[in-house]
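What follows is a short report on a single structure.
Values reported hereafter were calculated over all heavy atoms of this structure, with side chains retained and with hydrogens, waters and symmetry mates removed.
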Amino acid sequence: MDQTLARKVNPKPRRKGGAYAVGAEDIYIFPLSESTNLFLQKVWNAFVNKMVSMTLPNGKPVFQYSVFEAIQDKNLKIVASATHFRMKQVTDRIGLQSIEDFIRNTIPISIQDPGNLSAKYLREAILSVEKKARPEVYFHSLDDERVHPNLKQLLTKTMNYAAGIPLFVKGSPIGMLWGIRRDNMSPEQEEEVRQQLYSLYDVVDFVISKEMGLKGDPYYARKNIEKSDLHSRAKHLFYTRGFGQDEPVTTIVFDSHTYQRSYRLDASFLIPSGDGYSVSLKRFEPKERNDTGKNLLLIPGFFCRRSVMDKVARELSLRHGYRVFSMDMRGRSRRTLPLFGIREGWTVDDFIQEDFPAVLNWIKENFPNEQLVVVGHSMGGMIPRFYCSAYDEIVKRKTNPLVPLTRPDELISGIVSITSPNFVRLQAQIPGLDILKMGLKLVPSKTISDFLFDLTSFSLQTTLPTVDLNKFFKFLLGLHSSLRAVSFDLHAKVVNLRDFVGYKQISPPEWYFLIEDIFCEESTKVVLQFLRSQLSQDRSFLSYDGTLDYTALQKNLQIPLFSVLGSVDKVVPSETIENDLAALPHKKNKILSYEQGHLGIVFHMPVVKEMCSEIDSWIKGLDST
């Protein structure tokens with residue numbers, strides 16, 4: 001009997017129909033259009049990256065593995081995979097093939113296959129979405145006999161439980177996203193995961209729908225998905241007229257199920273700060289504010305964008321009820337740079353004497369009856385301290401300032417300085433640096449540091465206005481010719497990068513987040529100012545022209561200061577902070593220490609919660625006698 005006859009004699013079983021109500025089994029799943037599929041191919045790694053970066057409220061990771069099954073013609077196929085240990089883009093960078101092998105070994109499963117659970121869930125989801133509801137979140141034991149044999153053969157001994165949600169774009173299904181873990185979840189944990197996956201469902205639909213047009217940008221789609229706050233759910237999106245803004249400001253109203261509070265996020269206000277540069281502000285506005293009458297301004301540090309402060313910003317705004325502004329200084333994004341490009345970079349002095357006062361003026365104008373507390377991390381804490389203590393000297397020197405210089409005591413009621421030095425004494429083990437510093441002891445420190453500063457400034461500044469962090473670490477390691485080039489390989493011992501991060505609990509998704517989103521390029525001139533302070537034997541941080549000693553002027557600081565130290569911080573060791581700040585006279589000053597490194601203090605959630613509670617108590621005590 002030939003095959004044609006066999007097919008006629010043994011036809012596929014047909015479903016029986018006739019009922020009025022449309023059931024899930026009646027639903028036909030359409031293939032993705034070619035344009036949708038092409039765009040998703042550039043984005044779907046962000047789905048699995050975000051899935052394995054999900055955490056419970058205590059900071060513990062939810063999933064160890066994630067896979068995305070995309071609709072591919074008339075099949076479902078695993079097209080993207082990530083683990084908590086190897087993020088997709090990181091593995092590409094360091095040449096690991098295990099995830100690609102995993103994807104290649106997956107076999108497409110027909111949508112019509114009765115054993116295809118994901119197809120069944122997609123059909124159920126289509127009914128839900130048609131009724132203007134979100135799809136169900138599905139929880140499974142992977143010992144379940146219903147798991148398809150093609151998938152069972154891919155499971156390892158650590159893949160025991162799964163949670164999944166169908167994903168949609170513009171009302172049409174695109175596939176099924178699964179998170180996989182070793183241990184079962186409690187009912188409370190399941191509810192937390194359900195709420196976060198609903199948020200992720202909304203984010204994917206909104207971001208892909210927005211970016212999938214002719215001018216859509218897959219890069220921004222990936223970044224917006226990976227940076228999204230899954231502890232909150234977006235309710236409304238508006239484009240608003242910001243205070244004096246030419247371009248619309250994106251305003252999103254959220255409900256946070258973690259903090260049980262509604263809040264508004266505005267991104268971004270752009271504030272001109274002179275010579276074509278701008279500062280960018282993101283605002284967190286809680287629905288119910290506290291009664292302190294204080295706004296907060298958060299400033300990130302060296303080589304960092306404002307995202308590094310997001311955990312602190314949300315905790316202070318959503319738990320403690322402050323209006324919080326988070327600041328990107330010049331050079332942190334394309335929108336903060338001159339329209340026709342960078343000519344010669346910028347200095348720390350520009351941050352202190354132009355960017356910071358521009359923000360002070362803007363806040364004072366728009367919130368005239370409220371005081372400000374500035375919270376800065378690392379270099380971000382140096383900026384308000386140095387501005388306030390050197391204010392009179394800056395005014396003397398700037399006879400025609402590009403930005404009006406607001407008197408600090410007219411607006412600022414306190415400064416919180418987190419792992420922020422008065423001068424630079426890096427203790428990270430950078431080979432060659434100790435040898436260089438030992439040699440400097442043989443000659444007057446100012447002579448050799450000025451010589452190196454001028455020489456390096458001429459050679460670098462004439463060729464490169466900004467420095468990439470990866471290249472910067474390569475440059476430092478290059479001081480010793482026998483060392484290999486720095487790599488972001490998670491399994492390699494990169495001492496200086498780990499010291500820079502200084503976060504002993506850091507997880508691979510957080511490494512990925514730091515490398516891909518937090519770390520940014522920095523002006524060569526800024527790098528040179530830090531290099532001069534590091535190489536000098538003087539306990540000082542100088543202006544770029546060497547005529548202003550910001551460290552020495554700190555004796556003039558009259559504004560209350562709360563300084564937070566990291567006891568295991570090798571980038572900003574206690575000696576660069578404690579003695580000088582302890583000598584300041586204000587009775588409201590406070591010093592507090594945590595057993596954390598440089599970035600861990602603003603990343604590790606238990607520390608963030610405790611620190612923000614201390615900051616809140618300190619702010620509330622500023623007005624007491």
Side-chain angles (χ1 to χ4, degrees), residues 3-4 6-44 47-48 51 66-80 103 106-140 144-152 154 162-179 197-198 200-213 216:
Q3 293 299 313
T4 303
R7 281 196 294 272
K8 290 180 180 177
V9 172
N10 298 300
K12 290 182 180 178
R14 298 179 180 275
R15 285 191 313 101
K16 295 178 181 179
Y20 167 76
V22 176
E25 68 277 6
D26 297 314
I27 299 297
Y28 181 85
I29 300 175
F30 283 92
L32 299 178
S33 68
E34 183 178 357
S35 60
T36 299
N37 190 52
L38 287 174
F39 188 85
L40 288 175
Q41 287 178 23
K42 301 173 184 176
V43 176
W44 55 39
F47 305 165
V48 291
M51 198 75 163
S66 176
V67 296
F68 176 60
E69 292 181 271
I71 298 172
Q72 300 279 277
D73 194 22
K74 296 181 179 181
N75 301 311
L76 279 170
K77 185 179 188 302
I78 294 176
V79 294
I103 294 173
T106 61
I107 301 170
I109 303 174
S110 170
I111 289 173
Q112 307 304 326
D113 189 325
N116 192 337
L117 274 182
S118 293
K120 175 180 180 292
Y121 296 152
L122 284 170
R123 291 190 179 95
E124 293 174 358
I126 291 171
L127 289 179
S128 297
V129 171
E130 186 62 26
K131 296 173 183 175
K132 310 301 181 187
R134 291 183 180 87
E136 287 290 325
V137 173
Y138 298 93
F139 295 91
H140 265 296
D144 192 325
E145 61 183 15
R146 293 177 298 166
V147 175
H148 199 282
N150 288 2
L151 298 180
K152 254 194 182 321
L154 300 172
I165 188 168
L167 296 183
F168 279 62
V169 171
K170 295 183 178 179
S172 298
I174 61 172
M176 189 81 189
L177 180 63
W178 291 99
L197 290 182
Y198 284 157
L200 182 54
Y201 169 88
D202 291 342
V203 167
V204 169
D205 187 14
F206 171 75
V207 170
I208 302 297
S209 297
K210 180 182 176 184
E211 294 291 348
M212 207 166 55

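- A distance of 11.5 Å separates CG in L122 from CD1 in I27, rounded to the nearest 0.5 Å.
- Looking only at side-chain heavy atoms (C-beta outward), Y138 and E124 come within less than 4.5 Å of each other.
- P135 has its side chain within reach of Y201: a pair of non-hydrogen atoms, C-beta onward, lies under 4.5 Å apart.
- Distance alone, capped at 3.5 Å, is enough to place a donor-acceptor pair between the D26 side chain and the G23 backbone.
- Minimum heavy-atom separation, A163 to L197: CB-CD1, 4.5 Å.
- Using the six-membered ring where Trp is involved, F68 and F47 have ring planes that are perpendicular, over 60° apart on the 30 and 60° scheme.
- With sequence neighbours left out, F139 forms a ring pair (Phe, Tyr, Trp, His ring centres under 6.0 Å) with no residue at all.
- Residues L177 and S66 approach most closely at CD1-OG, 3.7 Å, considering heavy atoms.
- In terms of heavy-atom proximity, G164 sits nearest to M176 at C-CE, 3.7 Å.
- A pairwise comparison of heavy atoms in A70 and V79 identifies CB-CG2, 3.6 Å as the closest pair.
- Distance CD/Q41 to CG/L38: 5.5 Å, rounded to 0.5 Å.
- Put simply, CD1 on I71 and OG on S118 are 10.5 Å apart, with the number rounded to the nearest 0.5 Å.
- For Q112 against R123, the heavy-atom pair with the smallest separation is OE1-NH2, 3.8 Å.
- Of all non-hydrogen atoms in V169 and S209, the two that sit nearest each other are CG1-OG, 3.6 Å.
- Note that CG of L32 and CG of L40 are 6.5 Å apart. Values are rounded to the nearest 0.5 Å.
- In this structure, CZ in R134 is found 8.5 Å from CD1 in I165, a value given to the nearest 0.5 Å.
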> Yes or no on side chain to side chain contact (heavy atoms under 4.5 Å, CB included) for I111 and Y28, after CA distance, side-chain angles and deciding distance?
Replying inline: CA-CA 9 Å; I111 289 173; Y28 181 85; over 6 Å; no

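- Atom CD1 in I208 sits 10.5 Å away from atom NZ in K170 (nearest 0.5 Å).
- In this structure the side chain of L117 reaches within 4.5 angstrom of the side chain of H140, judged on heavy atoms.
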